[in-house]
Peer 1: 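Pasting a structure here, questions to come.
Numbered from 1 within each chain, the chains take letters A, B, ... in sequence-line order. No hydrogens, no waters, no symmetry mates; every other heavy atom, side chains included, goes into these values.
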Number of protein chains: 4
Amino acid sequence: MTRARLRRAATNVFARNGYHATKVSDIVAAAGVTQPTFYIYCESKEAAYEALVAAFRDNLRQITLTNLIDPAIPQAELETRVAQSFHRFLDFMAQDRALTEIGFFQPPGCSQTKALMVDWVAANIAQEQAGGVFRADIPAAHIARMLVGLLDQMGRMNTDAAGRGELARHCARLFCGGVGMRTG
Amino acid sequence: MTRARLRRAATNVFARNGYHATKVSDIVAAAGVTQPTFYIYCESKEAAYEALVAAFRDNLRQITLTNLIDPAIPQAELETRVAQSFHRFLDFMAQDRALTEIGFFQPPGCSQTKALMVDWVAANIAQEQAGGVFRADIPAAHIARMLVGLLDQMGRMNTDAAGRGELARHCARLFCGGVGMRTG
Amino acid sequence: MTRARLRRAATNVFARNGYHATKVSDIVAAAGVTQPTFYIYCESKEAAYEALVAAFRDNLRQITLTNLIDPAIPQAELETRVAQSFHRFLDFMAQDRALTEIGFFQPPGCSQTKALMVDWVAANIAQEQAGGVFRADIPAAHIARMLVGLLDQMGRMNTDAAGRGELARHCARLFCGGVGMRTG
Amino acid sequence: MTRARLRRAATNVFARNGYHATKVSDIVAAAGVTQPTFYIYCESKEAAYEALVAAFRDNLRQITLTNLIDPAIPQAELETRVAQSFHRFLDFMAQDRALTEIGFFQPPGCSQTKALMVDWVAANIAQEQAGGVFRADIPAAHIARMLVGLLDQMGRMNTDAAGRGELARHCARLFCGGVGMRTG
DNA sequence: AATGAATGAGACTTCATTCAT
DNA sequence: CATGAATGAAGTCTCATTCAT
């Protein structure tokens, strides 16, 4: 109970103020407990932060793994399928905005998180390229970076569930087809 | 002279350790001067940091403005022209890696920088869409976010001049044509 | 307990060295605690000082208010009654010499304290003049200034209880009758 | 020339801000010279201040000495003569308000100045008592303190030349005759 | 399990003062 | 005589962390 309140408080305060500008006293004030109590549940301020980051990364990892696309997919359905992947990511990021802030947008930690995500996504892309789903003349790592960069920017927009649907479709269209005019 | 050494030292130390973990004493040690000297040239640690961020943003703004694409461009040359734009961005980011770290990758400040860049780029894109250079079924803001996200990720790779050329071409290909297979 | 020790220590050290020459480290050393403890109980060095000044002023205000003289007093008893007022002031000032030093003799603050006291006393004098207790051909404000100036100087003398009695009588005699020889 | 400008600047700045809150950099800025120049003319900030205080005291001493009253004076003219003394003091204090602020109203130094003045005045009073000018049933030191206290308070009022004349007459009346009603 | 009270360590900033020119 | 540039020394304040209860 106390543990949960501390975790919630820490997430919110860290998300609002960032790691360095957050004082342990702010967290315990938000949680309605005293400072020594904080140290009953957390090794240190740093450990508390890292636990949140790690939790976010674990979830992100799961989402990423489930987004691998079956090579049997018909090209006609690809964009829709990719939109679905984007949608999952965007929903996940919106679901606990404060935690996402900590794990994905804030230093210290956000760079590492994205670097890891690039690796995970790149592994998927490589398989998908091998399966003929995506073009193979560009390294999987580069494509993975594009995807992560896209999510990074789009995830910053505060959209409701409906907005996320549209956003995901746009992402998919850009990701699959680029911005060029279709000539001919 | 001393001013330049302080600026260089501040850039490097801030880039290496981040704003909060950087102590004024670190900066002056790197510059080979004493602490009071720092305060002769800088209002405060915060002001010193902000001056660096502002300098980076100004340069970034210039680059962005020069990257507007002429609507008269033939579609066949578009990708090459886009690659040129990416190349300029990547070169700029590589030119003073430490300053880029501060202005583009590190908080506090990086989010704002990217938000600004999204606006600048979106203004370009909107014109380019109006000129028929890019598809218009996706909001310019979304396309701008993709571009910034792409640069954000690609700019993190430490590449030499040759590597940047290839990277820029890959970016352009993805940006213009997406990842999908071209189905006859 | 700690709060009281800090207050005592602050009073003594401020009184001995003055506001500017007093270091927080001096205060905490005198109180037998560490520096952070000081900041648990006091907002800042300045706030600590102001609190002492304010406390002194409040007390001074009370004393002043109770010194208003009933207009029904016979002229023959006036000097004795005035002596009583001076006695109260002198006792008050002697009672916590260090606090008096801070509130009444030391800048910053002493000028303001005396200006306030002049106002309070002037209000009394005006009533007393209206009641025919004191001559009315001199503005109450001027008389109040004489009284405050007199106390300012006399309060600086370090006298024991008996000395204060005599001093008060002298003050009263001067205040009521001046220094001139009584001719006729 | 430079010496005079520095002296004037120091006087004004010290008077406005007080000793501790005045920075050498403030003084030199006001004088339009650089910091090292200050040290060509002044041993130190403290010495500069003390020189001003000493100058004020010297002048004050002169004024005090000339205010000794001839014992041959008829009682009827006493109050007028005392008013003249007060007038001289008030004029002196008004003549260089900034220097007076430093020498007479501001710590560190004002207490000592007044203590000295009490001594000088007391010497006068003692002679005057011996000459039958003033009542002798009150120690000269006490009377001197009353006079100094009176001046201290009255000198704070910012009055023009005319106002000082009236103020001096009021002071004399209070000093000589006190506040009591003259009962037939 | 929880807290009231306290602290060790250290950061930023200021300012009187001095060289070398 | 005057200065541009620099510094030694110090002071206020903060904060993560810990006892004793």
Side-chain angles (χ1 to χ4, degrees), chain A residues 1-3 5-6 19-29 31-49, chain B residues 1-3 5-6 19-28 31-49, chain C residues 1-3 5-6 17 19-29 31-49, chain D residues 1-3 5-6 19-29 31-49:
Chain A
M1 183 55 213
T2 299
R3 162 164 265 121
R5 290 213 348 245
L6 267 173
Y19 175 73
H20 279 104
T22 294
K23 294 177 281 186
V24 173
S25 60
D26 294 337
I27 297 174
V28 298
V33 300
T34 60
Q35 299 214 36
T37 302
F38 178 89
Y39 288 94
I40 292 171
Y41 294 97
C42 305
E43 188 83 13
S44 67
K45 172 183 160 182
E46 192 181 355
Y49 191 83
Chain B
M1 184 56 215
T2 299
R3 160 164 266 121
R5 292 215 342 249
L6 267 172
Y19 175 74
H20 280 104
T22 294
K23 294 173 280 184
V24 173
S25 60
D26 296 336
I27 297 174
V28 297
V33 298
T34 59
Q35 291 221 33
T37 301
F38 177 88
Y39 289 95
I40 292 173
Y41 295 96
C42 305
E43 190 88 12
S44 66
K45 172 183 157 182
E46 190 181 358
Y49 192 82
Chain C
M1 186 52 217
T2 299
R3 161 165 264 122
R5 282 190 23 222
L6 267 172
N17 303 340
Y19 175 74
H20 280 104
T22 294
K23 293 172 280 183
V24 173
S25 60
D26 296 335
I27 297 175
V28 298
V33 299
T34 59
Q35 291 219 35
T37 302
F38 177 87
Y39 289 95
I40 292 172
Y41 294 97
C42 304
E43 190 88 12
S44 66
K45 174 182 156 182
E46 190 181 357
Y49 191 82
Chain D
M1 183 54 212
T2 300
R3 162 163 265 121
R5 293 220 337 254
L6 266 172
Y19 176 74
H20 280 104
T22 294
K23 294 176 281 186
V24 173
S25 60
D26 295 335
I27 297 174
V28 299
V33 299
T34 60
Q35 299 213 34
T37 302
F38 177 88
Y39 288 94
I40 292 171
Y41 294 97
C42 304
E43 188 83 15
S44 67
K45 172 182 160 183
E46 192 181 356
Y49 191 83

Peer 1: Does C/Thr2 have any side chain to side chain contact (heavy atoms under 4.5 Å, CB included) partners at least two apart in sequence or in another chain, and if so, which?
Peer 2: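 Partners of C/Thr2 by the side chain to side chain contact (heavy atoms under 4.5 Å, CB included) criterion, ordered by chain and then number, come out as C/Leu6, C/Val33, C/Thr37, C/Tyr41.
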Peer 1: Could you give me the stems involving DNA chain E, meaning stretches of three or more consecutive Watson-Crick or G-U wobble pairs whose two defining distances are both below 3.5 Å?
Peer 2: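 Stems for DNA chain E, defined as runs of 3 or more consecutive pairs: E:2-21 with F:2-21.
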Peer 1: According to ring-ring contact (aromatic ring centres under 6.0 Å, His included), who are the partners of B/Phe38, at least two apart in sequence or on a separate chain?
Peer 2: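 Listed in chain order: nothing, the list is empty.
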Peer 1: If you take all heavy atoms of B/Gly32 and B/Arg5, which pair is closest and at what distance?
Peer 2: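 Minimum heavy-atom separation between B/Gly32 and B/Arg5: O-NH2, 3.7 Å.
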Peer 1: On the nucleotide F/dC1, are OP1 or OP2 found under 4.0 Å from the side-chain N or O atoms that D/Thr2 carries?
Peer 2: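 Indeed not, no polar side-chain atom of D/Thr2 lies that close.
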Peer 1: Report the distance from atom CZ of D/Arg3 to atom P of F/dA2, rounded to the nearest whole Å.
Peer 2: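 Distance, rounded to whole Å: 10 Å.
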Peer 1: For A/Tyr39, give me all partners under side chain to side chain contact (heavy atoms under 4.5 Å, CB included), at least two apart in sequence or on another chain.
Peer 2: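 Partners of A/Tyr39 under the side chain to side chain contact (heavy atoms under 4.5 Å, CB included) test: A/Val24.
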Peer 1: Rounded to whole angstroms, how far apart are OH on B/Tyr41 and C1' on F/dA6?
Peer 2: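 Distance check: B/Tyr41 OH to F/dA6 C1' gives 8 Å.
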Peer 1: E/dT3 phosphate, OP1 or OP2: any side-chain N/O from A/Thr34 under 4.0 angstrom?
Peer 2: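 True: A/Thr34 side-chain N/O within range (under 4.0 Å) of E/dT3 OP1/OP2.
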Peer 1: If every non-hydrogen atom of B/Lys45 is compared with every non-hydrogen atom of B/His20, which pair is closest and at what distance?
Peer 2: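 That would be NZ-O, 3.7 Å.
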Peer 1: Between F/dC1 atom C1' and D/Met1 atom CE, what is the distance in whole Å?
Peer 2: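 These atoms are roughly 14 Å apart.
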Peer 1: Check the distance between F/dC1's P and D/Arg5's CZ and give it to me in whole angstrom.
Peer 2: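 About 15 Å, once rounded to whole Å.
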Peer 1: Walk along nucleotides 14-21 of chain E from 5' to 3' and tag each nucleotide B, S or - by protein heavy-atom contact under 4.0 Å, base first, then sugar-phosphate.
Peer 2: BBSBBB--
Peer 1: Please check the phosphate of E/dA6 (OP1 and OP2 only) for any side-chain N or O of C/Thr37 closer than 4.0 Å.
Peer 2: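 C/Thr37 to E/dA6 OP1/OP2: no side-chain N or O under 4.0 Å.
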